[in-house]
Amino acid sequence: MQTTFPRLLIKHATERPHSPALREKEYGIWQAMDWVSLLAMVDHLACGLHQAGLRRDEHMVVVGANRPRLYATMLAVQSLGAVPIPLYQDAAAAECVFPINNATVRFAFAEDQEQVDKLLEIREQCPQLAQIYFDNSRGLRNYDEPGVESLDDLIAAGKAFSGLHTDFLRKEIDRADCHDVAAMFFTSGTTGNPKGVVHTHNTLLNRAKAGADFDKLTSADEVLAYLPPAWIGQNIFSYAQWLACGYVVNCPESAATVTIDLKEVGPTYYFAPPRVFEGLLTSVMIRMEDAGAIKRRMFHFFMDVAKRVGPTLMDRQAVAMGDRLLYALGNVMVYGPLRNNLGLSRVRVAYTAGEAIGPDLFTFYRSIGINLKQLYGSTETAVFVCLQPDHEARADTVGIPIAGVEIKVADNGEILVKSPGLLKEYYKNPQATAEVLTADGWYHTSDAGFIDAHGHLKIIDRVKDVGRIKGGANDGAMFAPKYVENKLKFFPQIKEVVAYGDGREKVCVMINIDFDAVGNWAERRNLPYAGYTDLAQKPEVYQLIKECVQKVNADLSVDSLLAGSQVSRFLVLHKELDADDGELTRTNKVRRGYIAEKYDVLVDALYGGLTSQFIQTQVKFEDGRTGSVSATLKIEDAKTFTPVKAAA
């Protein structure tokens, strides 16, 4: 798409000035902003930032939740030829230092007092950070820090400037080219400092348009923007595709009201990582366990029908008339009310990505009539590489290459991608850029996988994480830790898993239980507990988790490639893995190497044959305080199965 984000804004404001562009929920009421009002706000913000000294090719940080004024600020920055850098709103202050200094950031948008305080905390380490503009003034009225100013004041100053220079914004926008830098997204930094991924208007909008064309998205669609804007997935769905298609983006009131807001909005286009879909299903199952016997039996009966018939109907294949009638009745009695309760009654297209989704979870949503599909992409590819066609959605693949994409598999199994959406570069890091981009335009994804007989891409694991078992009965067998972790996370009782086995004679795992799901399970059995740590070490909970581990082992035993990855020993951790404690990235990916170092005493105990191990761990609370959690963790052996040989 040979255009820019601000030009698309002008296009929508000209062609459909009073159609809603954004909605925001404030004090329980949804308020809409139309395209012409959004353009006026962007005009005033751009003029204000120009007066304040923001210049072409400079960077400006935006940190906060999805809000109309955050989006308007990003558009204003781009209108001036500058580059917005969204940062995670839940990142600790120290995590913001490197991006701000790396990009020599002088200007920042901060949503509220929490974000302002975070930026002020690191100001000594970022002396060039001169201006901080806040959106929500609550708690900030008496701040007298230099350079801390209300966004309202910036808009007012810009409005006055715009009145005297009515064509300023259009002239600035006309100076831009589609190959100019449009945004920069910092990676999670799992193995060092994060890298700034530089994208142009064309790379982002080209992929946004390709994804929209694939799923026939139009201005009539609606989305709910509730994931962090710093994550490129959210940015593509609620910013790039929003401007490419002109649909309505709805901004929730807060993180706590997302579930309610989802039901009120009823989006037609929905995206969520697997853990969100897992959470929705877990809440449903918890409520059903608490329901009366008749309602519970009806639910399970019709869900059995749905699992047998639903996916086939979704794929538009033939179904017996009796099953079709039963499903129609189930749609009235169970599936329809369930979709409505989940807030997904109007969804036409739903996507999940980031991690593998469990087959049972995937089947559940498709069986009740939700068109849930998987996609494959990354920050460096502007998200859209592979998508699943409506009637070819499968849990074990991530779809087919979409328009403009080429894929090939290297000799070591690594997926290589060529696409119009590839990053321009890693900012100020030519060495890292050269490592991932070949001279002839191929991008090294670092993912291992293959194209199946139907043309769909299958991902096994990260190339660097695929290892080998050494010693014992499975000597030389392939070990894919993420594959094992994801299979265990398919169970609603298990929230997170860390698997080890490369270079060792067996596979051992550390597990986080899902506190809500297991807590409800314990309460129904009158099993008392005093909190997460106490519940996690209950013998009954260990037995529950052991059954899950052994089911996974049974599944792995019939996989000729990964039968050697069966889990021999496990323990349940005494605390939940947390990004604030450095154990997860801000996109909730396990930092396996860091965890191995932090919990080396537990890894040694797993492989040393111990049956228990004491551990004390420092934790960081939400209010910034630190404390410690300690427990003696039990270590259990799990039954493994003889690999099943394929029939000749």
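For this chain, numbers begin at 1 and follow the sequence in order. Worth saying up front: this structure is predicted, and the values here are computed from it rather than measured. All values below come from the heavy atoms of this structure, side chains included, with hydrogens, waters and symmetry mates left out.
The CH2 atom of W30 sits 8.5 Å away from the CD atom of E253 when rounded to the nearest 0.5 Å. Atoms CE and CD1, on M184 and I85 in that order, are 3.5 Å from each other to the nearest 0.5 Å. Considering CD of Q234 and CG of L224, their distance stands at 8.0 Å, rounded to 0.5 Å. How far CG of D117 is from CD1 of I132: 9.5 Å, rounded to the nearest 0.5 Å. Rounded to the nearest 0.5 Å, atoms CD (E380) and CG (L422) are 9.5 Å apart. Note that CD of Q241 is 7.0 Å distant from CD1 of I236, once rounded to the nearest 0.5 Å.
For S283 (side chain) and L280 (main-chain N/O), a donor-acceptor pair under 3.5 Å exists by modelled atom type. At distances below 3.5 Å, not a single donor-acceptor pair connects side-chain atoms of S162 with backbone N or O atoms of H44. In this structure a side-chain-to-backbone donor-acceptor pair under 3.5 Å is present from D112 to Q115. Looking at T352, its side chain does come within 3.5 Å of a backbone N or O of A272 through a donor-acceptor pair. Judged by distance alone, the side chain of D180 and the main-chain N or O of D177 form a donor-acceptor pair under 3.5 Å. With H391 contributing its side chain and M314 its backbone, the two residues share a donor-acceptor pair below 3.5 Å. At least one donor-acceptor pair under 3.5 Å links the side chain of E95 to the backbone N or O of A92. For the pair S219 (side chain) and C245 (backbone), a donor-acceptor distance under 3.5 Å is absent. Looking only at distances, a side-chain donor or acceptor of T585 sits under 3.5 Å from a matching main-chain atom of K589. Under a 3.5 Å cut-off, the side chain of R55 and the backbone N or O of H50 do form a donor-acceptor pair.
Put simply, the side chain of Y247 does not reach to within 4.5 Å of the side chain of T218, judged on heavy atoms. Side-chain atoms of P84 and T73, non-hydrogen and from C-beta on, never get closer than 4.5 Å to each other. Contact of the V405 side chain with the F384 side chain is not registered, since no non-hydrogen atoms from C-beta on lie closer than 4.5 Å. With a 4.5 Å cut-off on side-chain heavy atoms, V116 and L119 do not count as touching. Residues Q78 and T4 fail the side-chain proximity criterion, which asks for heavy atoms closer than 4.5 Å. Between R141 and S137, the closest side-chain pair of non-hydrogen atoms falls below 4.5 Å. Using a 4.5 Å cut-off on side-chain heavy atoms (C-beta onward), V36 and H18 make contact.
A side-chain donor-acceptor contact under 3.5 Å links E392 and H456. With 3.5 Å as the limit, one finds no donor-acceptor pair spanning the side chains of D153 and S150. N202 and T200 form no side-chain donor-acceptor contact under 3.5 Å, judged by distance and modelled atom types alone. One side chain, T397 or Q388, offers a donor N or O that lies under 3.5 Å from an acceptor on the other. Side-chain N/O atoms of S238 and Y71 include a donor and acceptor closer than 3.5 Å. Under 3.5 Å, the side chains of N371 and D390 contain a donor-acceptor pair of N or O atoms. Side chains of Q125 and N101: no donor on one and acceptor on the other come within 3.5 Å. At a cut-off of 3.5 Å, with distance as the only test, a side-chain donor of D447 or Y376 sits close to an acceptor on the other residue.
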Side chain to side chain contact (heavy atoms under 4.5 Å, CB included) between F277 and L372, worked out: CA-CA 10 Å; F277 285 108; L372 178 60; 3.6 Å; yes
D580 vs K620, salt bridge (charged side-chain N to carboxylate O under 4.0 Å, His left out): CA-CA, chis, key distance, verdict: CA-CA 6 Å; D580 287 341; K620 184 179 287 186; over 6 Å; no
Side chain to side chain donor-acceptor pair (under 3.5 Å) between E222 and N250, intermediate numbers included: CA-CA 7 Å; E222 299 217 15; N250 297 274; 3.0 Å; yes
Steps toward salt bridge (charged side-chain N to carboxylate O under 4.0 Å, His left out) verdict (E264, K25): CA-CA 10 Å; E264 292 178 354; K25 193 177 184 185; 2.9 Å; yes
Derivation and outcome, side chain to side chain contact (heavy atoms under 4.5 Å, CB included), residues M60 and L54: CA-CA 8 Å; M60 180 170 176; L54 182 66; 4.3 Å; yes
Pair E58-R106, salt bridge (charged side-chain N to carboxylate O under 4.0 Å, His left out): steps then yes or no: CA-CA 8 Å; E58 266 201 279; R106 296 192 299 136; 2.7 Å; yes
Side chain to side chain contact (heavy atoms under 4.5 Å, CB included) between M74 and V77, worked out: CA-CA 5 Å; M74 288 179 63; V77 172; 5.8 Å; no
Salt bridge (charged side-chain N to carboxylate O under 4.0 Å, His left out) between D213 and K209, worked out: CA-CA 6 Å; D213 289 346; K209 182 68 163 55; 3.0 Å; yes
Residues L416, Y443; criterion side chain to side chain contact (heavy atoms under 4.5 Å, CB included); working and verdict: CA-CA 5 Å; L416 302 182; Y443 167 67; over 6 Å; no
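Among the candidates F109, Y427, F107, the single residue satisfying the ring pair (Phe, Tyr, Trp, His ring centres under 6.0 Å) test with H59 is Y427.
Under a 4.0 Å N-O distance rule, the pair D215/K373 qualifies as a salt bridge. Ion pairing of E111 with R67 is present here, as a side-chain N (NZ or NE/NH1/NH2) and a carboxylate O approach within less than 4.0 Å. Using a 4.0 Å cut-off between a side-chain N of Lys or Arg and a carboxylate O of Asp or Glu, R69 and D152 qualify as a salt bridge. Electrostatic pairing of K118 and E114 does not count as a salt bridge here, judged by no charged N lying under 4.0 Å from a carboxylate O. Salt bridge present: R175 and E172 bring a charged side-chain N and a carboxylate O closer than 4.0 Å.
Annotation: F271 is not in aromatic contact with Y351 [ring centroid separation under 6.0 Å not met]. Aromatic rings of F185 and W231 (six-membered ring for Trp) have centroids beyond the 6.0 Å cut-off, not under it. The ring of F161 has its center closer than 6.0 angstrom to the ring center of F168. In this structure, F5 has its ring center under 6.0 Å from that of Y239. If you look at F237 and Y269, their ring centroids are closer than 6.0 Å.
Residue N142 places its CG atom among 12 or fewer non-hydrogen atoms of other residues, nucleotides or ligands, all under 6.0 Å distant. Atom NZ of K418 sits in a crowded spot, with more than 12 heavy atoms from other residues, nucleotides or ligands closer than 6.0 Å.
The two residues A382 and L204 make their nearest non-hydrogen contact at CB-CD2, 4.2 Å. Across every non-hydrogen atom of P389 and L387, the tightest pair is CD-O, 3.6 Å. Contact detail for N341 and K263: the closest heavy-atom pair is O-CE, 2.6 Å.
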